[in-house]
Protein chains: 2
Amino acid sequence: MRLVVADCSALYTGRLTAMLPPATRLLVVKADGSVLIHSDGGSYKPLNWMSPPCTLAVREPSEEAAERGVTQVWTVQHAKSDDRLEVELFTVHHESAHDLGIDPGLVKDGVEAHLQELLAEQIALLGDGHTLVRREYPTAIGPVDILARDGSGSTVAVEIKRRGDIDGVEQLTRYLDLLNRDPMLAPVRGVYAAQEIKPQARVLAHDRGIATLLLDYETMRGADDPTTRLF
Amino acid sequence: MRLVVADCSALYTGRLTAMLPPATRLLVVKADGSVLIHSDGGSYKPLNWMSPPCTLAVREPSEEAAERGVTQVWTVQHAKSDDRLEVELFTVHHESAHDLGIDPGLVKDGVEAHLQELLAEQIALLGDGHTLVRREYPTAIGPVDILARDGSGSTVAVEIKRRGDIDGVEQLTRYLDLLNRDPMLAPVRGVYAAQEIKPQARVLAHDRGIATLLLDYETMRGADDPTTRLF
DNA sequence: TGATGGATTTCGACG
DNA sequence: CGTCGAAGTCCATCA
């Protein structure tokens with residue numbers, strides 16, 4: 001990995017065109033040739049970048065560019081598309097290279113898949129007497145997150161989201177349309193379960209006879225068997 | 001901005017729980033206190049990070065940690081939530097600090113808004129005889145990207161996407177349902193225009209009587225007035 | 001290898 | 001300040 005702090009300007013052309021006026025920035029060149037241009041603010045997203053696979057070529061500035069104070073020109077060309085990033089470097093304030101080796105990677109716990117696990121374990125959150133039929137119940141248009149039966153034996157389809165937006169309601173509606181055509185299952189009720197449900201999504205869901213269920217991850221995690229946790 | 005290259009491990013707890021085993025990585029501390037942990041590969045996204053507003057506290061390791069070789073512990077606490085990032089540093093290979101100043105920011109050209117402008121200018125792409133009614137035609141559930149009339153005077157509603165996914169078809173369907181209730185406009189045809197249309201979206205659109213139109217940005221940009229371009 | 005859907009999404013616009 | 005939709009989205013999973 002190469003780190004360069006320099007005054008620079010940049011031009012990206014590809015899926016869009018984006019220009020970066022001259023300023024002092026951090027340039028990171030990773031082992032795979034990818035380049036990140038970071039400012040001293042914002043979030044984790046660089047101002048500009050090139051994703052691998054790509055190649056970096058460093059060359060001398062043209063005479064015209066040299067007169068503007070440019071000392072190096074970086075051309076980063078994507079290997080499989082016309083995406084290209086051109087960086088003009090003026091003063092270089094810092095430069096260093098480091099051997100990092102390969103990274104063992106990240107271990108995650110607590111994403112939507114985990115919410116689904118927990119709700120399947122704690123299916124009574126849907127109401128007393130509910131039993132799990134199965135997770136990822138397959139249909140022609142994709143799997144339903146959870147299929148269950150309520151106390152009276154009728155079918156319940158559950159769509160789980162971390163953030164309950166309107167598109168999740170659309171998705172569940174499509175599943176319900178399909179499931180209700182199956183005489184073995186019909187009538188099927190819908191439940192939209194999420195850690196957070198947007199007002200518009202709630203309104204649309206209730207409008208379509210779909211119940212909403214707010215999931216409390218901390219509580220659910222607390223109630224689950226701690227031996228199944230990753231760490 | 002502070003740059004540190006060090007052997008480190010990290011633990012993030014907040015919206016999820018994520019663990020990073022020990023390895024050599026780049027740590028970036030931005031002026032606003034935010035922290036990025038980058039490996040020497042992947043994309044522009046860090047392995048782990050903390051977004052501003054947050055505060056970084058550096059402290060000595062506990063006795064137990066010191067015995068494991070830990071030399072520093074960084075605790076990055078989000079200001080408004082319980083999100084927290086804990087980094088244990090072992091050997092530090094590099095450390096430097098740089099004053100970057102504020103960044104003038106990025107200038108973009110060629111996003112969805114631009115596609116909409118170009119299609120409005122070149123409305124005949126919908127077919128001979130089409131005329132523009134207006135862009136961002138307001139409805140109760142949000143603005144329709146483009147409203148036009150075809151050669152015979154009947155109304156056409158256009159939804160524009162860069163990438164034509166299934167949700168765009170759903171969106172246009174909702175608009176059409178609504179617009180078709182207006183006797184002044186009905187019957188309204190739908191056109192789904194995008195630089196790329198996913199097969200499922202195409203099938204669903206045609207199933208609902210919605211036409212699809214593939215947009216070629218380069219050609220459209222070539223046909224437009226070059227003086228209106230940003231650069 | 002391409003399609004699909006989630007994401008610690010981030011980011012910008014608008015009400 | 002929330003809400004909503006786009007993004008050079010990235011990314012893993014699955015067919």
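Because only heavy atoms are used, hydrogens play no part in the values below, and waters and symmetry mates are left out as well, while side chains stay in. Chain letters run A, B, ... following the sequence lines, proteins first, then strands; residues in each count from 1.
Under 4.0 angstrom from either OP1 or OP2 of D/dC11 there lies no side-chain N or O belonging to B/K45. Within the 4.0 Å cut-off from OP1 or OP2 of D/dA6, at least one side-chain nitrogen or oxygen of B/K161 is found. Residue B/S51 places none of its side-chain N or O atoms closer than 4.0 Å to OP1 or OP2 of C/dT8.
Donor-acceptor pairing under 3.5 Å is lacking for the side chains of A/K45 and A/H38. No donor-acceptor contact under 3.5 angstrom links the side chains of A/D145 and A/Y137, judged on distance only. Inspection of the B/E136 and B/Q116 side chains reveals an N or O donor paired with an N or O acceptor under 3.5 Å.
D/dA7 and C/dG6 have their C1' atoms separated by 15 Å, given to the nearest Å. C/dT8 and C/dT4 are spaced 22 Å apart, taking the P atom of each and rounding to whole Å. D/dG8 and C/dC14 have their C1' atoms separated by 24 Å, with the value rounded to a whole Å.
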Listing, residues 201-209 of chain A side-chain donor-acceptor contacts under 3.5 Å, not counting sequence neighbours, or none:
residue: A/R202; atom: NH1; partner: A/T212; partner atom: OG1; Å: 3.4
residue: A/H206; atom: NE2; partner: A/T212; partner atom: OG1; Å: 2.9
residue: A/R208; atom: NH1; partner: A/E170; partner atom: OE1; Å: 3.2
residue: A/R208; atom: NH1; partner: A/T173; partner atom: OG1; Å: 2.8

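Looking at heavy-atom distances under 4.0 Å, B/M50 makes no contact with the nucleic acid at all. Residue B/D165 is classed as having no contact, given no heavy-atom separation below 4.0 Å to the nucleic acid.
B/I197 has its CD1 atom 13 Å from the P atom of C/dT4, to the nearest Å. Look at CD on A/E136: it is 12 Å from C1' on C/dG6, rounded to the nearest Å. One interatomic measurement links the two molecules: NZ of B/K198 to P of C/dT1, which rounds to 16 Å at whole-angstrom precision. The CD atom of A/E170 sits 18 Å away from the C1' atom of C/dG6 (whole-angstrom rounding). Here the P atom of nucleotide C/dT8 and the CG atom of A/L115 are 12 Å apart, to the nearest Å. D/dA7 atom P lies 11 Å from atom CD of B/Q116, rounded to whole Å. When the P atom of D/dA7 is taken as reference, atom CD of B/Q195 falls 9 Å away, rounded to whole Å. Atom CG in B/D83 sits roughly 14 Å away from atom C1' in C/dA7 (whole-Å rounding).
Both B/K80 and B/A113 lie close to DNA chain D; mapped to their nearest nucleotides by heavy-atom distance, the more 5′-ward contact belongs to B/K80. Two residues, B/R163 and B/E159, neighbour DNA chain D, and the one matched to the more 5' nucleotide by heavy-atom proximity is B/E159.
Comparing D/dG8, D/dA7, D/dT3 by their closest approach to the side chain of B/E112 singles out D/dA7. Across C/dT8, C/dT4, D/dC1, the shortest atom-to-atom separation from the side chain of B/Y12 is found for C/dT8. Side-chain proximity of A/Q171 to the nucleotides C/dT4, D/dG8, C/dG6 is greatest for C/dG6.
Ring-to-base geometry places B/W49 in a stacked arrangement with C/dT8 (centre distance under 5.5 Å, plane angle under 30°). The aromatic ring of A/Y44 does not stack onto the base of C/dT10, failing the criterion of a centre distance under 5.5 Å from the six-membered base ring together with planes under 30° apart.
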Verdict with reasoning, B/D109 to A/T17, per side-chain hydrogen bond (donor to acceptor under 3.5 Å, both in side chains):
CA-CA 5 Å; B/D109 177 38; A/T17 307; 4.7 Å; no

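Atom CG of B/L214 is surrounded by more than 12 heavy atoms from other residues, nucleotides or ligands within 6.0 Å.
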